[in-house]
Colleague: 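Quick one: structure below, then a few questions.
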Amino acid sequence: MESDSAMVAFPLLTTPIESNYRACTIPYRFPSDNPRKATPTEIAWIDLFRNSIPSFKKRAESDTTVVDASTKAEKFAQRYADILDDIKKDPESHGGPPDCILLCRLREQVLRELGFRDIFKKVKDEENTKAISLFPDVVRLNDDIEDGGKCLENLVRGIFAGNIFDLGSAQAVIFVDNSGADVILGILPFARELLKRGTQVVLAANDMPSINDVTYPELIEIISKLKDESGKLIGVDTSNLLIANSGNDLPVIDLTRISQELAYLASDADLVILEGMGRGIETNLYAQFKCDSLKIGMVKHPEVAQFLGGRLYDCVFKYNEVLG
C-alpha cells in the first residue's frame, strides 16, 4: 500500500471535497446521537461484520502460505471479535465512530498482522481460470447482437450476473470489483465494447488483496492471458486500454485516498464507473463528480436493501449526467 503522503484525492470529485464528499452511503449516526453509545445502525453493521468472522476464519485456516495457519486463524477470529465488542461498548474506540471503511480496515489489519495477506487467493485463481475459458464465448454472444442498444443492455446484464460472485465517452475510468466472472465476464466485455467504439478505458484495481477483489497485478495477468498474439482482445485493439493501481487495499473505497498514478490517468475522463456493492453502493452511491458517472452493483446485504427500500439481490444502476 502506498504511504499516506503519496495518496491524493480523486481529481474528478466535486469541490470543495470536504463539504461534498463522504465515503459512506448509509449514515451510521447523526450529530445528535450520543457519541459514547452505539446507535442501532452501528450495532446492526457491527453484528454483520461479526457474523462474517467464521467464514473468514475458515479461509484463513486453509491458507497454505502461512505457518501454523489454524492457530493464527483462531487468533484472528478472537482479536477481531474483541475489537467489534469494544466498538459496540464505546463507538469512539479503535478510531471510531465506525463506518464500513473502518470496520473493513480493522479486519484487514488483524489479518495482515498475523501474516495473512490473501486468504481468498485459491478461490480467486479457480474462478479466474473458469472465467477465462468462457470469455471468448461471452464476447461472441455480445458481438452477434446487431442492435447497439440491446448489445449494451446485454453487457450491463453481464456485469450484474458477474457481480454475484461475492457509451459514447472519449475516456472512461472503471473501478473494478471481484475476481472471476465479475471482472472477466462482466467488466472486460463491457470495456472491450467501449474500446471498439474508440473510447480510452482506464481500469483501476486494488493495490493489495482484500476478500476476493481483483488486484492490480492479477488484472494485468488476466488481460495478458486473454489477449491474442497480436495483443488484441478477441479482435479489438487494446492500445487505448490502461490498467491502473488505485492505491486501495479494501473492498470499499474512499476516493479522497487514491494513488497519484490513477489521479493522473483519470484527470480528463468523461465518465467514471464504480462497480460492485462496496465501491458503487456502500461507499459512493451519492458521490458527486465533475463528469458523468455510473454506479452499478448488486445488493447483497439486507441492511443495504432496507436502507435503499429494496430487496436482497436487487440491482442498482445509477447514472448521473453532468450538464454543460
Colleague: Output yes when a side-chain donor or acceptor of Arg29 lies under 3.5 Å from a complementary backbone atom of Thr41, and no otherwise.
Modeller: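 No; judged by distance alone, with no hydrogens or angles, the pair does not exist.
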Colleague: Would you please test Phe56 and Phe120 for ring-ring contact (aromatic ring centres under 6.0 Å, His included) and show each step?
Modeller: CA-CA 9 Å; Phe56 276 76; Phe120 286 81; 5.6 Å; yes
Colleague: I'd like to know whether Met277 forms a side-chain contact (heavy atoms from CB on, under 4.5 Å) with Met298, so could you lay out the CA-CA distance, the side-chain angles of the two residues, the decisive distance to 0.1 Å, and finally the verdict.
Modeller: CA-CA 6 Å; Met277 185 177 69; Met298 182 177 286; over 6 Å; no
Colleague: Can Asp63 and Lys72 be counted as an ion pair, charged N to O under 4.0 angstrom?
Modeller: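 Looking at Asp63 and Lys72, the cut-off is not met.
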Colleague: State, with a plain yes or no, whether a side-chain heavy atom of Tyr286 is found less than 4.5 Å away from one of Thr25.
Modeller: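 SC-SC contact between Tyr286 and Thr25 confirmed.
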Colleague: Report yes if the side chains of Ile87 and Leu103 come closer than 4.5 Å at any heavy-atom pair, otherwise no.
Modeller: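 Ile87 reaches Leu103 side chain to side chain.
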Colleague: Out of the candidates Val201, Ile174, Ile296, Asn142, only one should pair with Phe190 under the side chain to side chain contact (heavy atoms under 4.5 Å, CB included) rule; please name it.
Modeller: Ile174
Colleague: For the residue pair Arg140 and Pro136, establish whether any side-chain heavy-atom pair is separated by less than 4.5 Å.
Modeller: yes
Colleague: Quick one: does Thr283's side chain have a donor or acceptor within less than 3.5 Å of a partner on Gly278's backbone?
Modeller: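 Yes, the answer is positive, given that a donor and an acceptor are paired below the 3.5 Å cut-off.
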Colleague: Would you call Ser259 and Asp207 a side-chain contact if the rule is heavy atoms closer than 4.5 Å?
Modeller: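 Counting from C-beta outward, Ser259 and Asp207 never come under 4.5 Å.
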Colleague: For the NZ atom on Lys290, are there more than 12 heavy atoms of other groups (residues, nucleotides or ligands in this structure) within a distance under 6.0 Å?
Modeller: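 Yes, enclosed.
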Colleague: Hey, would you say the Phe175 and Phe10 ring centroids sit under 6.0 Å apart?
Modeller: yes
Colleague: Given Asn206, which partner from the list Asn248, Asp177, Asn245, Asp249 fulfils the side chain to side chain donor-acceptor pair (under 3.5 Å) test?
Modeller: Asn248
Colleague: Test side-chain contact (heavy atoms from CB on, under 4.5 Å) on Phe317 and Phe160; report intermediate values, then the result.
Modeller: CA-CA 10 Å; Phe317 188 95; Phe160 283 126; 4.1 Å; yes
Colleague: Can we say Lys130 and Glu127 salt-bridge, meaning some charged N sits less than 4.0 Å from an Asp/Glu carboxylate O?
Modeller: yes
Colleague: With a 4.5 Å cut-off on side-chain heavy-atom distances among I, L, V, M, F, W and Y, is there a chain of contacts connecting Ile43 to Leu106?
Modeller: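 Each belongs to a different hydrophobic cluster.
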Colleague: Are Lys75 and Glu113 close enough for a salt bridge, meaning some N to O gap below 4.0 Å?
Modeller: no
Colleague: Looking at Lys150 and Glu153, does any basic side-chain N land under 4.0 Å from a carboxylate oxygen?
Modeller: no
Colleague: Do Val202 and Val272 belong together in a cluster built from hydrophobic side chains that touch within less than 4.5 Å?
Modeller: yes
Colleague: When you measure from the side chain of Ser246 to the backbone N and O of Ala205, does any donor-acceptor pair fall under 3.5 Å?
Modeller: yes
Colleague: For Lys196, look at atom NZ and say whether over 12 heavy atoms of other residues, nucleotides or ligands are found less than 6.0 Å away.
Modeller: yes
Colleague: Does a side-chain N-to-carboxylate-O contact under 4.0 Å join Asp254 and Arg257?
Modeller: no
Colleague: Applying a strict under-4.5 Å side-chain criterion to I, L, V, M, F, W and Y, I'd like to know whether Val110 and Val252 cluster together.
Modeller: no
Colleague: Under the salt bridge (charged side-chain N to carboxylate O under 4.0 Å, His left out) rule, collect the residues that match up with Arg36, sequence neighbours excluded.
Modeller: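 Arg36 satisfies salt bridge (charged side-chain N to carboxylate O under 4.0 Å, His left out) with Asp90, Glu92 only.
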Colleague: Grouping I, L, V, M, F, W and Y whenever their side-chain heavy atoms are under 4.5 Å apart, do Leu262 and Tyr21 come out in a common cluster?
Modeller: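 Same cluster: Leu262 reaches Tyr21 through Ile, Leu, Val, Met, Phe, Trp or Tyr contacts under 4.5 Å.
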Colleague: Tell me if a side-chain donor or acceptor on Asn128 pairs with a main-chain N or O of Gly180 at a distance below 3.5 Å.
Modeller: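 Yes.
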Colleague: Hey, does Cys104 have a side-chain heavy atom less than 4.5 Å from the side chain of Phe49?
Modeller: yes
Colleague: I'd like to know whether Arg117 forms a side-chain contact (heavy atoms from CB on, under 4.5 Å) with Met208, so could you lay out the CA-CA distance, the side-chain angles of the two residues, the decisive distance to 0.1 Å, and finally the verdict.
Modeller: CA-CA 8 Å; Arg117 287 188 52 81; Met208 291 174 67; 3.8 Å; yes
Colleague: Please evaluate residues Leu250 and Arg105 with respect to the criterion side-chain contact (heavy atoms from CB on, under 4.5 Å), reporting the C-alpha separation (whole Å), side-chain torsions for both, the decisive distance (0.1 Å), and the verdict.
Modeller: CA-CA 7 Å; Leu250 299 174; Arg105 184 168 297 287; 3.4 Å; yes
Colleague: Do Ile253 and Asn284 have side chains that approach each other closer than 4.5 Å (heavy atoms only, starting at C-beta)?
Modeller: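 Yes. Closest side-chain heavy atoms under 4.5 Å.
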Colleague: Closest approach of Ala269 and Leu12, non-hydrogen atoms and distance?
Modeller: CB-CD1, 3.8 Å
Colleague: Can you tell if the side chain of Leu308 reaches within under 4.5 Å of the side chain of Val316, non-hydrogen atoms only?
Modeller: yes
Colleague: So how far is it from Glu303 CD to Asp47 CG, rounded to the nearest 0.5 Å?
Modeller: 8.5 Å
Colleague: With a 4.5 Å cut-off on side-chain heavy atoms, are Glu61 and Ile119 touching?
Modeller: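 They are not in side-chain contact.
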Colleague: Quick one, Asp85 with Arg50, criterion salt bridge (Lys or Arg N to Asp or Glu O under 4.0 Å). Give me CA distance, side-chain angles, the key distance, then yes/no.
Modeller: CA-CA 9 Å; Asp85 288 344; Arg50 191 184 183 92; 2.7 Å; yes
Colleague: Evaluate the salt bridge (Lys or Arg N to Asp or Glu O under 4.0 Å) criterion for residues Glu126 and Lys121: first the C-alpha distance (whole Å), next the side-chain angles of each, then the deciding distance (0.1 Å), finally the verdict.
Modeller: CA-CA 9 Å; Glu126 290 169 355; Lys121 178 67 175 168; over 6 Å; no
Colleague: Parallel, tilted or perpendicular: which one describes the rings of Phe76 and Tyr80, with boundaries at 30° and 60°?
Modeller: parallel
Colleague: Could you check whether Asp237 pairs with Arg192 (Lys NZ or Arg NE/NH1/NH2 to Asp/Glu carboxylate O, under 4.0 Å)?
Modeller: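 Looking at Asp237 and Arg192, the cut-off is not met.
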Colleague: Linking I/L/V/M/F/W/Y whenever any side-chain heavy atoms sit under 4.5 Å apart, do Ile145 and Leu185 land together?
Modeller: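 Hydrophobic grouping puts Ile145 apart from Leu185.
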Colleague: Does a side chain donor of either Glu74 or Thr71 reach within less than 3.5 Å of an acceptor in the other side chain?
Modeller: no
Colleague: Determine, for Arg279 against Asp213, whether the closest basic-nitrogen to carboxylate-oxygen distance falls under 4.0 angstrom.
Modeller: yes
Colleague: Can any side-chain N or O of Asp314 pair as donor or acceptor with the backbone N or O of Gly310 at less than 3.5 Å?
Modeller: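 Not at all, since once roles are kept as given, no pair shorter than 3.5 Å links the two residues.
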